[in-house]
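Letters A, B, ... mirror the listed sequences (proteins, then strands); counts begin at 1. Keep in mind that what you see is a predicted model, and the values were worked out from it rather than measured.
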2 protein chains.
Amino acid sequence: MRPYTQVLERLRSANLRPTRQRLALAKLLFDGGDRHITAEQLHGEAMTAGVRVSLATVYNTLHQFTDARLLREIVVDAGRSYFDTNTSEHHHFFYEDSGKLEDIPHDELHVSQVPSAPDGAVIKSVDVVIRVAAAQAAQ
Amino acid sequence: MRPYTQVLERLRSANLRPTRQRLALAKLLFDGGDRHITAEQLHGEAMTAGVRVSLATVYNTLHQFTDARLLREIVVDAGRSYFDTNTSEHHHFFYEDSGKLEDIPHDELHVSQVPSAPDGAVIKSVDVVIRVAAAQAAQ
DNA sequence: AACTACTTTAGAGTAATTCTAAATTAATCC
DNA sequence: GGATTAATTTAGAATTACTCTAAAGTAGTT
Ligand SMILES: [Mn+2]
Ligand SMILES: [Mn+2]
Ligand SMILES: [Zn+2]
Ligand SMILES: [Zn+2]
């Protein structure tokens with residue numbers, strides 16, 4: 001919770017003013033380990049922590065942080081996206097029953113032979129999601 | 001457009017009555033090559049083809065077909081899911097600019113060392129999406 | 001043909017997210 | 001430090017993609 005300077009620096013280099021809201025959200029996001037969090041959840045945590053910030057700002061901030069590569073966005077379900085504070089290369093288990101995401105460490109899954117992007121395009125990310133469900137629910 | 005019998009058989013074995021709507025949608029979906037299509041798009045095609053079917057039925061049918069393994073559902077964006085008529089194992093390029101999906105043939109990308117599912121759980125699918133964007137838009 | 005279970009549908013409802021335009025705040029300049 | 005300007009925040013409305021409900025219609029069975 002000291003390395004505010006780090007976030008501050010990254011905000012500055014992304015041309016994002018370190019406002020009260022952005023700093024508070026950054027603190028909630030980056031203090032204490034890797035997280036997979038939705039906009040609503042983060043908004044809830046802000047409320048609980050007594051940080052007054054609108055849901056629209058939470059969405060704006062999450063997307064700005066994602067653009068600045070402070071976060072990764074992971075889409076699992078139509079209608080739900082998670083923001084991941086772990087921006088290193090790694091993949092995910094998605095538990096269909098609980099809706100939870102779990103990291104798969106980078107060394108435990110390998111995507112090889114990634115084809116190059118079509119001409120004029122550039123690869124933004126390689127996202128692997130392994131969907132799992134309770135054993136009896138499977139076919 | 002002859003192999004109605006095929007679809008019919010698969011519907012029967014999934015305990016889905018071959019209704020006018022299901023047969024018409026199956027025809028639109030499976031006649032003519034692999035497709036990545038949204039519910040709204042399929043509904044539009046049905047309208048154009050003069051097939052009267054409600055959007056609710058399109059959604060129901062797509063999900064039933066997915067459960068019967070006639071389709072695969074691919075989630076790319078929060079708030080948009082595609083249904084893929086190609087149910088064989090393969091992965092996708094997603095063009096962030098146009099919103100289009102493109103197949104990556106199975107032999108051009110390999111996921112190795114897939115970790116086993118946690119206890120009591122079973123892997124439903126391994127989904128790889130490579131997000132690409134126009135070159136200048138990339139960081 | 002009658003019966004029953006499954007299916008379809010219009011329309012209302014929901015959830016997540018985005019938009020708009022007015023109010024606020026941060027950074028810059030004197 | 002106060003004025004100026006541009007970025008940011010916000011409430012609330014709007015949008016989008018989908019799901020639900022309950023009533024009407026249809027398929028399969030006898
Ligand atoms: Mn987004
Ligand atoms: Mn679905
Ligand atoms: Zn993660
Ligand atoms: Zn495909």
Side-chain angles (χ1 to χ4, degrees), chain A residues 4 7-9 11-26 28 36-47 50-68 70-71 73-83 94 96 99 101, chain B residues 4 7-28 36-47 50-68 70-71 73-83 94 96 99 101:
Chain A
Y4 244 100
V7 180
L8 233 149
E9 201 31 64
L11 289 186
R12 286 246 160 70
S13 72
N15 277 315
L16 294 173
R17 291 185 180 171
T19 62
R20 176 177 66 74
Q21 291 88 340
R22 283 182 185 143
L23 287 170
L25 292 175
L28 288 170
H36 303 116
I37 196 170
T38 66
E40 298 274 353
Q41 281 167 12
L42 181 58
H43 186 243
E45 289 193 8
M47 295 296 94
V51 175
R52 280 182 32 264
V53 57
S54 72
L55 186 56
T57 296
V58 172
Y59 274 104
N60 289 342
T61 302
L62 286 171
H63 284 136
Q64 291 155 352
F65 283 11
T66 301
D67 291 343
L70 292 170
L71 292 174
E73 187 174 357
I74 297 160
V75 180
V76 280
D77 239 353
R80 185 160 45 184
S81 82
Y82 282 98
F83 293 86
F94 175 60
E96 296 195 331
L101 268 188
Chain B
Y4 245 99
V7 180
L8 234 148
E9 201 31 64
R10 296 208 66 179
L11 289 187
R12 286 246 160 72
S13 72
N15 278 315
L16 294 173
R17 289 184 181 172
T19 62
R20 175 177 66 75
Q21 290 88 339
R22 285 181 183 144
L23 287 171
L25 292 175
K27 191 153 145 42
L28 288 170
H36 303 116
I37 196 169
T38 66
E40 298 273 355
Q41 281 167 11
L42 181 58
H43 186 244
E45 289 193 8
M47 296 295 94
V51 175
R52 281 184 30 267
V53 56
S54 73
L55 186 56
T57 296
V58 172
Y59 273 105
N60 289 341
T61 303
L62 287 172
H63 284 136
Q64 291 155 353
F65 283 11
T66 300
D67 291 344
L70 291 170
L71 292 175
E73 187 174 357
I74 297 161
V75 179
V76 280
D77 239 354
R80 185 160 46 185
S81 82
Y82 282 98
F83 292 86
F94 175 61
E96 295 196 330
L101 270 187

**Student:** Can you measure A/Asp77 atom CG to C/dA16 atom P for me and round it to whole angstrom units?
**Tutor:**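 Answer to the nearest Å: 10 Å.
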**Student:** Which heavy atom of B/Gly99 sits nearest to which heavy atom of B/Arg80, and what is that distance?
**Tutor:**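 So the two residues come closest at CA-NH2, 3.8 Å.
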**Student:** Of B/Thr19 and A/Ala39, whose closest DNA chain C nucleotide lies nearer the 5' terminus?
**Tutor:**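 Residue closer to the 5' terminus by nearest nucleotide: B/Thr19.
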**Student:** Whole angstrom is fine here: how far is it from CD in A/Glu73 over to C1' in C/dT18?
**Tutor:**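 So the two atoms are 13 Å apart, to the nearest Å.
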**Student:** Do you know which two heavy atoms are closest between B/Val58 and B/Leu42, and how far apart they sit?
**Tutor:**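 The answer is CG1-CD2, 4.0 Å.
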**Student:** Ignoring backbone atoms, test whether A/Gln21 places a side-chain nitrogen or oxygen under 4.0 Å from the OP1 or OP2 oxygen of C/dT25.
**Tutor:**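 Result: no.
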**Student:** Whole Å only: how far is the CG atom of B/Leu8 from the C1' atom of D/dA27?
**Tutor:**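 Taking atom C1' of D/dA27 as the reference, CG of B/Leu8 is at 13 Å.
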**Student:** Could you check, using the six-membered ring where one of them is a Trp, whether A/His43 and A/Tyr59 have ring centers closer than 6.0 angstrom?
**Tutor:**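 Centroid separation for A/His43 and A/Tyr59: 6.0 Å or greater.
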**Student:** Mind checking B/Thr57 for me? I need base, sugar-phosphate or nothing, with any heavy atom below 4.0 Å counting as a touch.
**Tutor:**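 Base: the residue B/Thr57, judged by heavy atoms under 4.0 Å, touches a nucleobase.
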**Student:** Starting at CZ of A/Arg52 and ending at P of D/dT9, how long is that distance when rounded to a whole Å?
**Tutor:**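 Rounding to the nearest Å, CZ of A/Arg52 and P of D/dT9 are 13 Å apart.
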**Student:** If only side-chain N and O atoms of B/His63 are considered, is one of them under 4.0 Å from the OP1 or OP2 phosphate oxygen of D/dC18?
**Tutor:**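 False: B/His63 side-chain N/O out of range (4.0 Å or more) of D/dC18 OP1/OP2.
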**Student:** Nearest of C/dG11, C/dT25, C/dT7 to any side-chain atom of B/Leu16?
**Tutor:**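 Side chain of B/Leu16 sits closest to C/dT7.
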**Student:** With rounding to the nearest 0.5 angstrom, report the CG to CG distance, A/Asp67 to A/Leu62.
**Tutor:**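 Taking CG in A/Asp67 and CG in A/Leu62, the distance rounds to 11.0 Å.
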**Student:** Does D/dT19 have its OP1 or OP2 closer than 4.0 Å to a side-chain nitrogen or oxygen of B/Tyr59?
**Tutor:**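 No, no such contact exists.
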**Student:** Between P on D/dG12 and NE2 on A/His43, what's the gap in Å once rounded to a whole number?
**Tutor:**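 About 13 Å, once rounded to whole Å.
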**Student:** For B/Arg20 and D/dG25, what is the distance between atoms CZ and C1' respectively, to the nearest whole Å?
**Tutor:**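 Spelled out: CZ on B/Arg20 to C1' on D/dG25 is 11 Å.
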**Student:** For a side chain to side chain contact (heavy atoms under 4.5 Å, CB included) check, start with the C-alpha distance between B/Val51 and B/Leu25, then their side-chain angles and the critical distance, and finish with the verdict.
**Tutor:** CA-CA 9 Å; B/Val51 175; B/Leu25 292 175; 5.7 Å; no
**Student:** Show the atom names and distances, to 0.1 Å, of all donor-acceptor pairs under 3.5 Å that link a side chain in residues 14-21 of chain B to residues at least two apart or in another chain.
**Tutor:**
from: B/Thr19; atom 1: OG1; to: B/Arg22; atom 2: N; distance (Å): 3.2
from: B/Arg20; atom 1: NH1; to: B/Arg52; atom 2: O; distance (Å): 3.2
from: B/Arg20; atom 1: NH2; to: B/Arg52; atom 2: O; distance (Å): 3.4

**Student:** Which part of the nucleic acid does B/Leu55 contact within heavy-atom distance under 4.0 Å: base, sugar-phosphate only, or nothing?
**Tutor:**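 Here B/Leu55 touches no strand at all.
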**Student:** If only side-chain N and O atoms of A/Arg80 are considered, is one of them under 4.0 Å from the OP1 or OP2 phosphate oxygen of C/dA15?
**Tutor:**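 False: A/Arg80 side-chain N/O out of range (4.0 Å or more) of C/dA15 OP1/OP2.
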**Student:** Measuring from the side chain of B/Arg17 (C-beta onward, heavy atoms only), which nucleotide among C/dT9, C/dA16, D/dG28 has the closest atom?
**Tutor:**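 In terms of side-chain proximity for B/Arg17, the closest of C/dT9, C/dA16, D/dG28 is D/dG28.
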**Student:** Considering only C/dT9, C/dA27, D/dG12, which nucleotide approaches the side chain of A/Ala56 most closely?
**Tutor:**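 From the listed options, D/dG12 comes nearest.
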**Student:** Rounded to whole angstrom units, what separation is found between the CG atom of A/Leu62 and the C1' atom of D/dT9?
**Tutor:**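 Going from A/Leu62 (CG) to D/dT9 (C1'), I get 15 Å.
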**Student:** Of the listed nucleotides (C/dT17, C/dG11, D/dT26), which one gets closest to any side-chain atom of A/Ser81?
**Tutor:**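 My answer, after comparing the listed nucleotides, is C/dT17.
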**Student:** So, is B/Arg22 near the phosphate of C/dT7, with a side-chain N or O under 4.0 Å from OP1 or OP2?
**Tutor:**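 For B/Arg22, the contact criterion (side-chain N or O under 4.0 Å from OP1 or OP2 of C/dT7) is met.
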**Student:** Would you mind telling me which residue lines up with the more 5' stretch of DNA chain D, B/Glu40 or B/Arg12, judged by nearest nucleotide?
**Tutor:**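 The answer here is B/Glu40.
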**Student:** Please report the distance, rounded to the nearest Å, between CG in B/Leu11 and P in D/dT26.
**Tutor:**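 Atom-to-atom, B/Leu11 to D/dT26, this comes out as 19 Å.
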